[in-house]
Amino acid sequence: MAVERTLAILKPDCVRKELVGEVLSRIQDAGFQLRALKMITMSKAEAEGFYSVHEDKPFFDDLTDFMSSGPCIPVVLEKENAIEDFRALIGATDPEEATDGTIRSDFAGSIEQNIVHGSDSPENGKKETAYFFAEHEIVANKSSME
Ligand code: ATP
Ligand code: MG
């Protein structure tokens, strides 16, 4: 299986609820390597740019208000099959539908404030990584990617 990168965001609710350590532990325990991480507060425009694929959805304005409401933590993760495995670790978008034991099932308060983002394809993983990190900010790993 190929080593992949995915872009996660610990969303503003994760930071606000002081779940950063717990969520990062779960991510590391599941075998993901941290390659880059920082805390930022997105402007409304940055949140709109990040979620532009959803710009026609009824929840777009609320979602981008939420995503720009406080600090969040974009993280570059690396693992074999990272995209799919990370989506499995976080669970379905709506915590009511998320499998027991997933991060969203255990911690998310609502479909909107659902603790964590994960890229949905390798192509989007690359785009989303570049949205937050310059290549030189991502820690290289000899065994990966090349
Ligand atoms: P993400 O892209 O954040 O990892 P996802 O891929 O599970 O989540 P998407 O369909 O891409 O889900 O939706 C992006 C985000 O928009 C969701 O994580 C959630 O915060 C919000 N969202 C999605 N659907 C709804 C909805 N029906 N009502 C309110 N917010 C929603
Ligand atoms: Mg998505």
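No experiment lies behind these values; they were computed from the predicted model shown. Each ligand, and each atom within it, is numbered from 1 in the order the structure gives. Start at 1 with the first residue, then count along the sequence.
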(request) For the pair Arg5 and Glu80, find out whether any cationic side-chain nitrogen is under 4.0 Å from an anionic carboxylate oxygen. (result) no
(message) Quick one: does any side-chain atom of Arg104 pair with a main-chain N or O of Asp94 as donor and acceptor, under 3.5 Å?
(response) no
(request) Answer yes or no: is there a side-chain heavy-atom contact under 4.5 Å between Met39 and Cys72? (result) no
(request) Could you tell me which atoms of ligand 1, counted from 1 in the order shown, lie closer than 4.0 angstrom to a heavy atom of Arg104? (result) 1 (P), 3 (O), 4 (O), 7 (O), 8 (O), 18 (O)
(request) For ligand 1, find out whether one of its N or O atoms is nearer than 3.5 Å to an N or O atom of Gly118. (result) yes
(request) Report the member of Glu112, His117, His54 with the shortest heavy-atom distance to atom 10 (O) of ligand 1. (result) His54
(request) Quickly, which of Leu37, Thr129, Ile40 forms a side-chain contact (heavy atoms from CB on, under 4.5 Å) with Pro74? Name it, please. (result) Ile40
(request) For atom 19 (C) of ligand 1, grab the closest protein heavy atom and report residue, atom and distance to one decimal in Å. (result) Ile111 O, 3.1 Å
(request) Answer yes when Arg87 and Asp120 have at least one side-chain N-carboxylate O distance shorter than 4.0 Å, and no when they do not. (result) no
(request) Using a strict 4.0 Å cut-off to heavy atoms of Tyr51, name the atoms of ligand 1 that fall inside it. (result) 1 (P), 2 (O), 3 (O), 14 (C)
(request) Around atom 6 (O) of ligand 1, find the nearest protein heavy atom and jot down its residue, atom name and distance. (result) Arg87 NH1, 2.9 Å
(message) Suppose I only count heavy atoms of Lys11 and a 4.0 Å limit; which atoms of ligand 1 are within that range?
(response) 3 (O), 17 (C), 18 (O), 20 (O)
(message) Counting non-hydrogen protein atoms only, what is the nearest one to atom 16 (O) of ligand 1? Give residue, atom name and distance.
(response) Leu63 CD2, 3.2 Å
(message) Looking only at protein heavy atoms, which one is nearest to atom 5 (P) of ligand 1, and what is the separation?
(response) Thr93 OG1, 3.5 Å
(request) Would you mind reporting whether Gln113 and Lys11 have side-chain heavy atoms less than 4.5 Å apart? (result) no
(request) Starting from atom 23 (C) of ligand 1, locate the nearest protein heavy atom and write down its residue, its atom name and how far away it is, to 0.1 Å. (result) Phe59 CZ, 3.5 Å
(request) Find out whether the Lys NZ or Arg CZ of Lys38 is both under 6.0 angstrom from the six-membered ring centre of Phe133 and within 45° of the ring's axis. (result) yes
(message) Suppose I only count heavy atoms of Asn114 and a 4.0 Å limit; which atoms of ligand 1 are within that range?
(response) 17 (C), 18 (O), 19 (C), 20 (O)
(message) Please tell me whether Lys44 and Ser68 have a donor and an acceptor in their side chains that are separated by less than 3.5 angstrom.
(response) no
